[in-house]
> 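Please see the structure below; I have some questions.
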Protein chains: 2
Amino acid sequence: MNKIESVKNPFIKQIKRLQKRKQREKEGLFVIEGYHLVEEALHHAVEVQDILVTDGKSIPTGVSKVNVTLITSQVAKEISTTATSQGIFALCHLPQDERFVITKKGSYLLIDGVQDPGNLGTMIRTADAAGVTAVILGEGTVDVYNDKVIRATQGSLFHLPVIKGDLEEWIQACKDNRIPVFGTSLQQGTTYTAIEAQDGFALIVGNEGAGVDEKWLEQTDQNVYVPIYGNAESLNVSVASGILLYHLKLAH
Amino acid sequence: MNKIESVKNPFIKQIKRLQKRKQREKEGLFVIEGYHLVEEALHHAVEVQDILVTDGKSIPTGVSKVNVTLITSQVAKEISTTATSQGIFALCHLPQDERFVITKKGSYLLIDGVQDPGNLGTMIRTADAAGVTAVILGEGTVDVYNDKVIRATQGSLFHLPVIKGDLEEWIQACKDNRIPVFGTSLQQGTTYTAIEAQDGFALIVGNEGAGVDEKWLEQTDQNVYVPIYGNAESLNVSVASGILLYHLKLAH
């Protein structure tokens with residue numbers, strides 16, 4: 001088995017370069033870190049090209065078709081983006097843009113400009129848990145292949161389609177399929193509890209500070225908000241998304 | 001107005017020391033950063049001792065009784081725990097342990113060993129939004145005066161009592177007051193939607209990995225879970241707390 005001992009090895013330099021979004025998009029590759037995420041990638045529709053692992057660490061099963069390279073713990077430290085590296089990494093191919101077909105009973109989470117990686121990752125995890133059909137990332141949203149986003153998804157990134165898209169087109173496509181589109185707003189709309197659970201729906205949630213852009217709110221069927229009973233100015237966007245997704249999915 | 005220009009100034013060294021929990025508890029002081037948080041502290045029951053601000057930055061109103069010290073942007077950078085400092089800080093007194101009286105219609109969020117500062121802060125913010133009466137921090141929970149926790153609360157830390165406590169005593173006190181106590185568990189219990197909205201309640205949520213300790217789950221009136229419809233193994237604890245708190249607070 002090949003072993004890399006130098007942090008100056010070109011392959012290691014490539015792995016480090018992929019911490020930048022531009023480079024990921026240029027090379028069509030991204031890196032994941034940690035046993036659980038590597039396992040999830042191997043078991044779902046992700047093309048894993050290489051696994052890098054420190055000596056003595058176990059590798060998830062099902063890796064026969066993947067190149068495995070041993071690395072020293074110093075090299076692992078060099079490419080790790082966490083304080084305490086688990087010493088296992090995978091180099092994966094970015095998924096190809098696929099034609100995605102909307103279904104009438106599908107549920108869609110449309111994300112408008114969420115900036116915090118932890119929030120985006122948690123929202124993808126929550127969408128997965130709530131059984132959402134697909135997550136759509138509008139313009140201005142943090143890159144989903146950012147290491148912090150991937151970590152916060154806890155593997156859910158590999159469980160459902162997470163698609164970069166034009167919210168305008170998606171809202172229109174939902175309308176064409178008679179799927180109700182709900183916007184979220186602090187200033188206007190209906191308390192979410194006034195909305196019934198839905199067979200199919202699209203929910204638009206927005207940026208941590210600015211919320212959902214007014215131009216999308218004008219195109220929705222209805223805008224909803226989560227009422228604030230105490231003195232908080234707002235809810236964290238991933239918490240609000242969880243409350244709304246579970247409300248829309250479940251018949252209370 | 002006094003101006004500090006050296007990062008070696010003893011006051012600046014003290015501020016830095018207070019980034020450690022032990023030191024905060026020894027000195028009975030904590031530090032907050034950012035205009036909004038300083039404003040929130042000044043407007044609520046927090047004893048603010050000093051404000052440190054870089055030249056030219058505005059100070060929230062209502063500060064007449066507080067010492068204000070000018071600092072250079074280099075000093076601000078030295079004491080900041082964020083990537084881009086807003087150049088305003090406040091040194092505050094830790095609240096005294098007060099006798100807190102449980103009320104029959106009160107709602108209480110009991111936290112068992114949550115470790116991630118962002119999660120704890122977000123949960124306090126959510127509890128505030130949901131109109132919870134008090135948040136109780138059981139043993140093993142990250143210190144609430146950690147800078148990351150304070151930042152994630154977005155000021156909610158100053159809006160409701162957040163109390164370090166013994167969960168055993170709190171569960172018993174709730175029972176003595178006939179307040180139903182709900183535990184959360186992935187493995188056992190009832191889907192949360194089977195529970196009615198409650199006038200008063202206690203909800204126990206737990207550590208990111210281990211969940212709520214079995215010894216608490218045995219003492220609850222009922223244990224509930226949020227169902228998972230997709231392939232996620234679990235929800236983020238702050239998202240789950242949001243779904244459950246809003247469900248328990250609101251009559252659907």
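Every chain is numbered from 1, with letters handed out A, B, ... down the list of sequences.
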> Looking at B/P227, is its backbone amide N or carbonyl O close enough to the side chain of A/Y246 to form a donor-acceptor pair, meaning the two atoms are under 3.5 Å apart?
yes
> Please identify, among A/L160, A/L244, A/V226, the residue contributing the most non-hydrogen atom pairs under 4.5 Å to chain B.
A/V226
> Hey, is the main chain of B/A232 close enough, under 3.5 Å, to the side chain of A/D128 for a donor-acceptor pair?
yes
> Considering residues, nucleotides and ligands other than B/E196, do more than 12 of their heavy atoms fall under 6.0 Å from its CD?
no
> Would you say B/E208 has more than 12 foreign heavy atoms packed within less than 6.0 Å of its CD?
yes
> Looking at NE2 of B/H159 and CD of A/E233, how far apart are the two atoms once the value is rounded to the nearest 0.5 Å?
7.5 Å
> What do you reckon, is NZ of A/K164 surrounded by more than 12 foreign heavy atoms closer than 6.0 Å?
yes
> Got a sec: does the NZ of B/K105 have more than 12 other heavy atoms crowding it under 6.0 Å?
no
> When only pairs under 4.5 Å are counted, which of B/V239, B/N231, B/N236 shares the most heavy-atom pairs with chain A?
B/N231
> With a 4.5 angstrom heavy-atom cut-off, is it the side chain or the backbone of B/S234 that approaches chain A, or both, or neither?
both
> Does anything in residues 117-127 of chain B reach chain A? List residues with heavy atoms under 4.5 Å apart, or say none.
B/T122, B/R125, B/T126
